[in-house]
Number of protein chains: 2
Amino acid sequence: MGRAPSIEDEALLKQLTEVFRRSGYEGASLTALSSASGLHRASLYHRFPNGKPAMAAAVMASVEQIFSDILDPLMSEDDPSTAVAEMARRVGAFYDDGRLACVLDTMTLRGAPDDIRARATHLATTWLTAMAEIARRAGASEEDAARRARTALVLIEGSLVVARVLDDPAEFRLALAELPQTLIGGPGNAG
Amino acid sequence: MGRAPSIEDEALLKQLTEVFRRSGYEGASLTALSSASGLHRASLYHRFPNGKPAMAAAVMASVEQIFSDILDPLMSEDDPSTAVAEMARRVGAFYDDGRLACVLDTMTLRGAPDDIRARATHLATTWLTAMAEIARRAGASEEDAARRARTALVLIEGSLVVARVLDDPAEFRLALAELPQTLIGGPGNAG
DNA sequence: GTCTATATTTGGATAGAC
DNA sequence: GTCTATCCAAATATAGAC
């Protein structure tokens with residue numbers, strides 16, 4: 001067995017993810033990724049022999065894993081309202097209360113590899129499906145449930161942009177607080 | 001007088017703006033800016049002696065000008081509902097029906113110069129103020145008007161992200177279509 | 001005002017010692 | 001597994017001809 005890594009895979013991915021989220025794919029330089037992780041550039045290449053595209057792919061895979069946890073309450077929790085509230089809590093933690101951008105936003109600008117953009121599209125679809133399902137379970141029609149899910153995603157992504165631009169997390173917090181209402185509340189739904 | 005420019009300032013700014021909107025500040029390489037404008041890199045430096053930061057600053061100034069036109073109906077048009085509809089139409093044109101991202105999003109990632117980010121913040125504030133004013137004029141309380149304006153901005157920015165990620169302008173079109181409702185419709189307002 | 005040519009720096013990537 | 005040293009390409013920027 002070789003020498004133990006100075007930073008475990010999970011912690012490493014977390015640091016790399018943060019850089020990609022803050023700077024976007026092209027803005028995430030090897031220098032930035034290196035200093036964030038504490039590993040020299042050559043060490044990053046040892047972990048990711050295919051370089052920056054591989055790092056970005058690993059980040060996307062990591063985020064997919066994190067989202068499977070974020071969305072888990074929507075499947076496992078019986079009460080839809082409780083389920084959405086718990087999902088909102090986990091979303092808030094992942095976005096560090098609005099201080100971190102979404103990979104769906106920063107990894108889909110021109111310059112990002114096609115496979116990364118495709119993964120972002122897939123992640124968005126997964127998220128939308130899970131949110132639509134909980135709305136459906138709370139009594140919404142299929143059409144209304146799909147609409148509510150899209151609105152929820154728009155509010156989360158938009159509030160993250162606004163929070164960044166205004167340097168104020170208030171809008172993001174509000175979007176999360178209203179998520180149960182957005183997905184399962186109001187007219188036409190039992191929630 | 002010297003030789004006439006091969007591309008007029010206005011057209012040049014439009015091309016540069018598109019690159020910055022698609023790629024973000026760091027992703028907008030001189031090569032990309034050059035091929036989009038049809039000018040060689042050295043010619044871009046002739047127009048902007050302070051290089052890429054100056055190009056980005058000029059782009060922000062240009063966008064500020066465009067927004068003063070986009071927001072003009074909110075001041076000059078008597079009927080709030082008509083005013084918002086016309087603003088929405090101009091917003092749709094500026095974002096090319098959801099195909100172009102917002103500078104508020106792409107120019108505020110890490111790596112963009114501080115003064116560019118500050119201009120983005122200022123632009124967002126100007127936009128919010130103008131939208132809050134029309135909501136106020138339509139009968140909303142000051143608090144409700146401010147809330148509606150923030151929601152409108154969140155919906156526009158979020159729907160642009162979602163439209164890009166899903167490669168489908170539908171969500172953006174919907175956000176624009178519902179803008180009158182968002183700003184001046186519903187309970188608690190005369191619109 | 002635009003061009004070709006070139007300088008300089010940064011970013012991405014590799015080789016080989018430890 | 002991480003490091004120093006190095007290579008190569010791309011990005012930013014400048015000089016000077018036309």
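Every chain is numbered from 1 and lettered A, B, ... according to where its sequence line falls, protein lines coming before strand lines. Note that this is a predicted model, so its numbers are computed, not measured.
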In whole angstrom, give the distance that lies between atom [atom1] of [X] and atom [atom2] of [N].
X	N	atom1	atom2	answer
B:M55	D:dA11	CE	C1'	12 Å
A:L33	C:dA13	CG	C1'	14 Å
B:I7	C:dT2	CD1	P	9 Å
A:R3	D:dG1	CZ	C1'	6 Å
B:L30	C:dT9	CG	C1'	13 Å

Q | Short N-O contact, A:D115 and A:R119, less than 4.0 angstrom | A | no
Q. Ion pair present between B:E18 and B:R22, side-chain N to carboxylate O less than 4.0 angstrom?
A.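 Looking at B:R22 together with B:E18, the answer is yes, because their closest N to O distance falls below 4.0 Å.
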Measuring from the side chain of [X] (C-beta onward, heavy atoms only), which nucleotide among [options] has the closest atom?
X	options	value
B:P53	D:dC3, D:dC18, D:dA13	D:dA13
A:S29	C:dG12, D:dT12, D:dT2	C:dG12
A:K52	C:dG12, D:dA11, D:dG1	C:dG12

Q. Hey, can you pull the residues of residues 13-27 of chain B with a non-hydrogen atom under 4.0 angstrom from DNA chain C?
A.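 Heavy-atom contacts with DNA chain C come from no residue of residues 13-27 of chain B; none.
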Q: Please list residues of residues 40-49 of chain B whose heavy atoms come under 4.0 Å from any atom in DNA chain C, ordered by number; otherwise none.
A: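 Result for residues 40-49 of chain B: B:H40, B:A42, B:S43, B:H46, B:R47, sorted by number.
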Q: Remember a base hit wins even if backbone is also touched, and classify A:A32 as base, sugar-phosphate or nothing at under 4.0 Å, heavy atoms.
A: nothing
Below 3.5 Å, can you tabulate the donor-acceptor pairs from side chains in residues 168-179 of chain A to any protein atom, sequence neighbours excluded?
{"from": "A:D168", "atom 1": "OD1", "to": "A:A170", "atom 2": "N", "distance (Å)": "2.9"}
{"from": "A:E171", "atom 1": "OE1", "to": "B:R147", "atom 2": "NH2", "distance (Å)": "3.1"}
{"from": "A:E171", "atom 1": "OE2", "to": "B:R147", "atom 2": "NH2", "distance (Å)": "3.0"}
{"from": "A:R173", "atom 1": "NE", "to": "A:D97", "atom 2": "OD1", "distance (Å)": "3.0"}
{"from": "A:R173", "atom 1": "NE", "to": "A:D97", "atom 2": "OD2", "distance (Å)": "3.0"}
{"from": "A:R173", "atom 1": "NH2", "to": "A:D97", "atom 2": "OD2", "distance (Å)": "2.5"}

Q. Hey, is the side chain of B:S6 poking within less than 4.0 Å of OP1 or OP2 on C:dT2, counting only N and O atoms?
A. yes
Please list every donor-acceptor pair under 3.5 Å in which a side-chain atom of residues 85-96 of chain B meets a protein atom from a residue at least two apart or in another chain.
{"from": "B:E86", "atom 1": "OE1", "to": "B:R89", "atom 2": "NE", "distance (Å)": "3.1"}
{"from": "B:E86", "atom 1": "OE2", "to": "B:R89", "atom 2": "NE", "distance (Å)": "3.4"}
{"from": "B:E86", "atom 1": "OE2", "to": "B:R89", "atom 2": "NH2", "distance (Å)": "2.9"}
{"from": "B:E86", "atom 1": "OE2", "to": "B:R90", "atom 2": "NE", "distance (Å)": "2.8"}
{"from": "B:E86", "atom 1": "OE2", "to": "B:R90", "atom 2": "NH2", "distance (Å)": "3.4"}
{"from": "B:R90", "atom 1": "NH1", "to": "B:D69", "atom 2": "O", "distance (Å)": "2.8"}
{"from": "B:R90", "atom 1": "NH1", "to": "B:D69", "atom 2": "OD1", "distance (Å)": "3.4"}
{"from": "B:D96", "atom 1": "OD1", "to": "B:R99", "atom 2": "NH2", "distance (Å)": "3.4"}
{"from": "B:D96", "atom 1": "OD2", "to": "B:R99", "atom 2": "NE", "distance (Å)": "3.3"}

Q. Sequence neighbours excluded, which residues qualify as side chain to side chain contact (heavy atoms under 4.5 Å, CB included) partners of B:A56?
A.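 Partners of B:A56 under the side chain to side chain contact (heavy atoms under 4.5 Å, CB included) test: B:F20, B:Y25, B:M107, B:I116.
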**Q.** Residues that A:R164 engages under side chain to side chain donor-acceptor pair (under 3.5 Å), provided they are two or more places apart
**A.** B:D105, B:T108
Q | Residues that B:D167 engages under side chain to side chain donor-acceptor pair (under 3.5 Å), provided they are two or more places apart | A |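 Per chain and number, B:D167 pairs via side chain to side chain donor-acceptor pair (under 3.5 Å) with no residue.
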Check: residues 7-17 of chain A side-chain donor-acceptor pairs under 3.5 Å, at least two apart:
{"from": "A:D9", "atom 1": "OD1", "to": "A:R47", "atom 2": "NH1", "distance (Å)": "3.1"}
{"from": "A:T17", "atom 1": "OG1", "to": "A:L13", "atom 2": "O", "distance (Å)": "2.6"}

Q.
By the ring-ring contact (aromatic ring centres under 6.0 Å, His included) test, which pairs, at least two apart or in different chains, include something from residues 99-119 of chain B?
A. none
